[in-house]
Undergrad: 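Here it is, the structure, as C-alpha cells.
Whatever order the structure lists ligands and atoms in, that order sets their numbers, starting from 1.
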Amino acid sequence: MSAAQLGERAMVLGSGIAGLLSAAELSSSFAEVRVVERDQEPTHTDPRPGLPQGNHFHALLPGGLDLVNRLFPGFDDSLVERGAVPTVAGRDFYFFQPQGKSYALASYVPEPRDGPIFYVQSRGLLEACIRERVQAIANVHIDYAVSARAPIWESGRVLGVVLEREGRTDEQRAELTVDATGRASRMLSWLPRMGFSTPDEAVIHCDFAYTSAFVRPRDFHAFEGSGFFVLPNPAGRQPLRGSSLIKMEGGLWLCACGGRFGDYPPRTWEEMQLWISESDDPQVAELLRDSEPVRPPAHYRFPTSCRRHYERLGAFPEGLIPIGDAICHYNPLYGQGMSAAARQARQLGELLCARAEESAGLEGLALDFLARAFEETRAPWLFAALSDFQNPLCKGDFPQEEQEAIEMLRFLGSVGRELPEALRLLNRVGALQAPLSELLEPEWIARKNAARDGQSS
Ligand SMILES: Cc1cc2nc3c(=O)[nH]c(=O)nc-3n(C[C@H](O)[C@H](O)[C@H](O)COP(=O)(O)OP(=O)(O)OC[C@H]3O[C@@H](n4cnc5c(N)ncnc54)[C@H](O)[C@@H]3O)c2cc1C
C-alpha cells in the first residue's frame with residue numbers, strides 16, 4: 001500500500017454506471033478494488049437482465065460526460081468510433097411541444113442555438129465503453145455472476161460483504177464497501193440489522209411508463225438531427241401520451257411511446273404502431289412506416305421517484321456507503337440519473353484524495369460523503385419535480401425547501417435574453433455541469449435582489 005492509499009481493499013457492489021465510476025475513483029485510494037456484479041459478464045452491448053432500463057433511451061448529459069472524459073481522456077472518441085451520434089445540445093435534439101418545435105425540453109425555445117456536445121447511443125454501448133476503461137485499470141477487478149448478500153458487521157463496523165456465487169456463500173473482506181446496486185439496494189433492510197435507523201424518504205408519484213423498440217429504418221437520415229420527442233399536449237386528444245425517435249449506433253433508431261397516470265402504452269410492436277398512429281402528431285408513425293424492430297419491444301413502468309435522506313441520519317455504519325440510484329432515483333424522462341451518479345462518484349474520489357493527503361483515514365467517511373452526495377441530488381431532484389408537478393395528477397413531496405433556488409431559476413430565465421452569463425449559468429446547472437448551489441452565489445443573489453428592489457420602487 002502506498003502512502004497515498006487509505007486501505008488494502010474496497011468492494012463495490014454492482015457494475016452499473018455508479019459502480020463502475022466509483023471503482024475508477026476508488027482505484028487511486030485503495031491497493032485493490034473489487035467490483036461484484038450479479039449478471040454474467042456482458043459479451044455484447046444488448047440489454048442485460050440486471051439492468052432492465054438498458055432497453056430504453058439513456059442520454060448522458062454534458063455534466064456526466066465531462067466527468068467521464070476527465071476520468072478517461074478520449075472517452076468520447078471511443079464512443080464515436082463505435083457509432084455514437086455526436087449531438088449539439090440546443091440544436092440537434094428537439095422537442096415538439098404544444099407551441100411547436102422547441103430546442104429545449106423545460107421551456108419553449110423556437111430557435112436553435114449551440115450548446116455543449118453530448119452523444120446518443122444505446123445504454124449498452126455507453127456502459128461497455130466505460131466498463132472497458134475500468135477493466136483496464138490494473139488494480140480494479142470485476143467479478144461477474146456474484147450477488148452481494150449482506151455486509152459483514154463485526155466489532156462495530158462493516159468489514160466487507162457476504163457474497164453468493166452459484167448457490168455458495170463466501171466472504172470478501174474490505175475496509176470500504178460501496179453499495180451501487182441501484183434501486184435493488186438492500187440498505188434499508190441492512191441498517192436496522194446493524195442497529196442503525198433508516199432514512200426518511202421523499203417520494204414523487206410521477207407515474208410514467210414507456211415501451212421502446214430498436215428498429216432498422218429504411219433511411220437512417222430520414223429526420224434531421226439525432227433525435228426528437230413528441231411531448232404530451234394537455235389540450236390534445238391524448239393529453240398524457242408522447243413518443244420519441246432517436247438515432248442509435250449500427251444504423252438503428254430507438255423508437256419509444258410513453259404515457260402517464262393510467263394511460264400506459266401497449267407492449268407489442270403491432271399495438272405500439274397503432275398507439276403511435278393514433279397520436280395527435282403523425283410524424284413518428286410516418287417515419288416508422290416499413291421499419292422493423294430488431295428484437296421485441298420492452299416495457300418499463302416508473303411509478304415513483306424516490307430520494308432517501310441518508311444525509312439526515314446522525315450515524316451510519318463505518319466502512320459502508322450507498323451511491324447512485326441507491327440514494328436517489330429520478331423520473332427517467334429527464335435523463336439525469338447517470339450524470340448524478342457520476343457527480344457523486346467524483347465527490348467520493350475528491351473526499352478520499354483529501355483524506356489521503358491529510359492522513360485522515362476512513363473514520364466518519366460515510367457521513368461526510370452522504371452530505372456531499374445529497375448536494376448532488378438537489379439539482380436533478382428539483383428539475384424533475386418542477387416538470388412533474390406541472391401535471392396536476394402528479395402527487396408527492398415537492399421540494400419546498402428549494403424556494404430560493406426556484407426564485408433564482410425564474411430570475412435567470414427572465415434576464416437570460418439580455419444577460420448571456422445568466423443563460424450560461426442556467427444551462428450549466430441544467431446540464432448538471434454545476435451544482436445547484438452555484439445558482440445561489442452572493443453575486444447572483446445581489447443581482448436578483450437589485451432587480452426585485454428596482455421593480456418595487
Ligand atoms: C427506464 C429508465 C431510463 C433511464 N434513462 C436515463 C437517461 O436517459 N439518462 C440518465 O442519465 N439516466 C437514466 N436512467 C437512470 C440510470 O439508469 C441510473 O440512474 C444510472 O444507471 C445509475 O444507476 P446505478 O448505477 O446507481 O444503478 P443501476 O444502473 O441500476 O446498476 C445497478 C447494478 O447493480 C447490479 N446489482 C443489483 N443488485 C446486486 C447484488 N445484490 N449484487 C451484485 N450486483 C447487483 C445490477 O445488476 C446492476 O448492474 C434511466 C432509468 C430508467 C429506469
Undergrad: At a non-hydrogen distance cut-off of under 4.0 Å, which region of R48 contacts ligand 1 (side chain, backbone, both, or neither)?
TA: side chain
Undergrad: Distance only, no hydrogens: is a donor on one side chain within 3.5 Å (strictly under) of an acceptor on the other, for Q238 and D263?
TA: no
Undergrad: When you compare the side chain of W190 with that of D179, does any pair of heavy atoms fall below 4.5 Å?
TA: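 A side-chain contact exists here, since the closest heavy-atom pair is under 4.5 Å.
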Undergrad: Under 6.0 Å from the six-membered ring centre of W153 and within 45° of its axis: does the NZ or CZ of R193 meet both?
TA: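 Ring-cation test returns no.
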Undergrad: Starting from atom 39 (C) of ligand 1, locate the nearest protein heavy atom and write down its residue, its atom name and how far away it is, to 0.1 Å.
TA: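 Answer, as residue, atom name and distance: T181 CG2, 3.5 Å.
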Undergrad: Taking the side chain as everything from C-beta on, heavy atoms only, tell me whether Y330 gets closer than 4.5 Å to I204.
TA: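 No. Closest side-chain heavy atoms not under 4.5 Å.
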Undergrad: Take a 6.0 Å sphere around CD of E350 and say whether it holds more than 12 heavy atoms from other residues, nucleotides or ligands.
TA: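 Yes, CD of E350 has more than 12 neighbouring heavy atoms, counting only those of other groups under 6.0 Å.
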Undergrad: Hey, are D388 and R260 close enough for a salt bridge, meaning a charged N less than 4.0 Å from a carboxylate O?
TA: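 Salt bridge present between D388 and R260.
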Undergrad: What protein heavy atom sits nearest atom 31 (O) of ligand 1, and how far off is it?
TA: G16 CA, 3.6 Å
Undergrad: Where the closest heavy atom to atom 21 (O) of ligand 1 is concerned, which of Q53, E37, H58, R123 has it?
TA: R123
Undergrad: Could you list the atoms of ligand 1 found under 4.0 angstrom from a heavy atom of A59?
TA: 7 (C), 8 (O), 9 (N), 10 (C), 11 (O)
Undergrad: Between E127 and R123, is the closest basic N to carboxylate O distance under 4.0 Å?
TA: yes
Undergrad: Any non-hydrogen atom of H329 lying under 4.0 Å from ligand 1?
TA: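 Distance cut 4.0 Å: H329 fails for ligand 1.
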Undergrad: Looking only at the side chains, is there a donor atom on one of N55 and S212 sitting less than 3.5 Å from an acceptor on the other?
TA: no
Undergrad: Give yes if a backbone or side-chain nitrogen or oxygen of A326 is under 3.5 Å from a nitrogen or oxygen of ligand 1, and no if not.
TA: no
Undergrad: Within the 4.0 Å heavy-atom shell around G50, which atoms of ligand 1 are there?
TA: 46 (C), 47 (O), 48 (C)
Undergrad: Taking E37 as the fixed residue, which of R131, R48, R165 is the one that meets the salt bridge (charged side-chain N to carboxylate O under 4.0 Å, His left out) rule?
TA: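 Output: one option passes, namely R48.
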Undergrad: Say whether Y334 and ligand 1 are in contact under the criterion: heavy-atom distance to a ligand atom below 4.0 Å.
TA: no
Undergrad: At a 4.0 Å cut-off, with the gap strictly under it, does some heavy atom of L61 reach an atom of ligand 1?
TA: no
Undergrad: Would you mind running through ligand 1 and noting each atom that sits below 4.0 Å from a heavy atom of V36?
TA: 43 (C), 44 (N)
Undergrad: Looking at atom 34 (O) of ligand 1, what's its closest protein heavy atom, distance included?
TA: G14 CA, 3.3 Å
Undergrad: Determine, for F261 and K395, whether the Lys NZ or Arg CZ falls below 6.0 Å from the six-membered ring centre while staying within 45 degrees of the axis.
TA: no
Undergrad: Which of the numbered atoms in ligand 1 are under 4.0 angstrom from any heavy atom belonging to G324?
TA: 26 (O)
Undergrad: Let me know which of E376, E375, Q336 forms a side chain to side chain donor-acceptor pair (under 3.5 Å) with R343.
TA: E376
Undergrad: For atom 26 (O) of ligand 1, what is the closest protein heavy atom, and at what distance to 0.1 Å?
TA: D325 N, 2.9 Å
Undergrad: Any Lys/Arg nitrogen of E32 or R9 sitting under 4.0 Å from an Asp/Glu carboxylate oxygen of the other?
TA: yes
Undergrad: Between ligand 1 and G337, is the shortest N or O to N or O distance under 3.5 Å?
TA: yes
Undergrad: Starting from atom 44 (N) of ligand 1, what is the nearest protein heavy atom, named by residue and atom, and what distance separates them?
TA: R38 N, 3.2 Å
Undergrad: Would you say CZ of R173 has more than 12 non-hydrogen atoms from neighbouring residues, nucleotides or ligands within 6.0 angstrom?
TA: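 Correct, the count exceeds 12.
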Undergrad: Can you sort out which atoms of ligand 1 are near A148, meaning under 4.0 Å from one of its heavy atoms?
TA: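 With A148 as reference, the close atoms of ligand 1 come out as 40 (C), 41 (N), 42 (N), 43 (C).
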Undergrad: Between ligand 1 and L51, can you find any atom pair, the residue atom being a heavy atom, that is separated by under 4.0 Å?
TA: yes
Undergrad: Heavy-atom contacts with R183 under 4.0 Å: which atoms of ligand 1 show up? List them by number with element.
TA: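 Counting from 1, the qualifying ligand atoms are 53 (C).
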Undergrad: Within less than 4.0 angstrom of ligand 1, does R149 place any heavy atom?
TA: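 Distance cut 4.0 Å: R149 fails for ligand 1.
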Undergrad: Hey, what's the ring geometry for F228 with Y94, parallel, tilted or perpendicular (30° and 60° as the breaks)?
TA: parallel
Undergrad: May I ask you to list the atoms of ligand 1 that are less than 4.0 angstrom from any heavy atom of Y210?
TA: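 Here the atoms of ligand 1 in question are 1 (C), 2 (C), 3 (C).
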Undergrad: Could you find the nearest protein heavy atom to atom 5 (N) of ligand 1 and give me its residue, atom name and distance?
TA: F57 O, 3.2 Å
Undergrad: May I ask you to decide if the ring planes of F229 and F93 are parallel, tilted or perpendicular, using 30° and 60° as cut-offs?
TA: perpendicular
Undergrad: So is M338 polar-close to ligand 1, meaning N/O to N/O under 3.5 Å?
TA: yes
Undergrad: With heavy atoms under 4.0 Å as the rule, classify the contact between A180 and ligand 1 as side chain, backbone, both or neither.
TA: backbone
Undergrad: Would you mind checking which non-hydrogen protein atom is closest to atom 27 (O) of ligand 1, with the distance to 0.1 Å?
TA: G182 CA, 3.4 Å
Undergrad: Report, in ascending order of atom number, the atoms of ligand 1 lying under 4.0 Å from any heavy atom of A18.
TA: 24 (P), 25 (O), 26 (O)
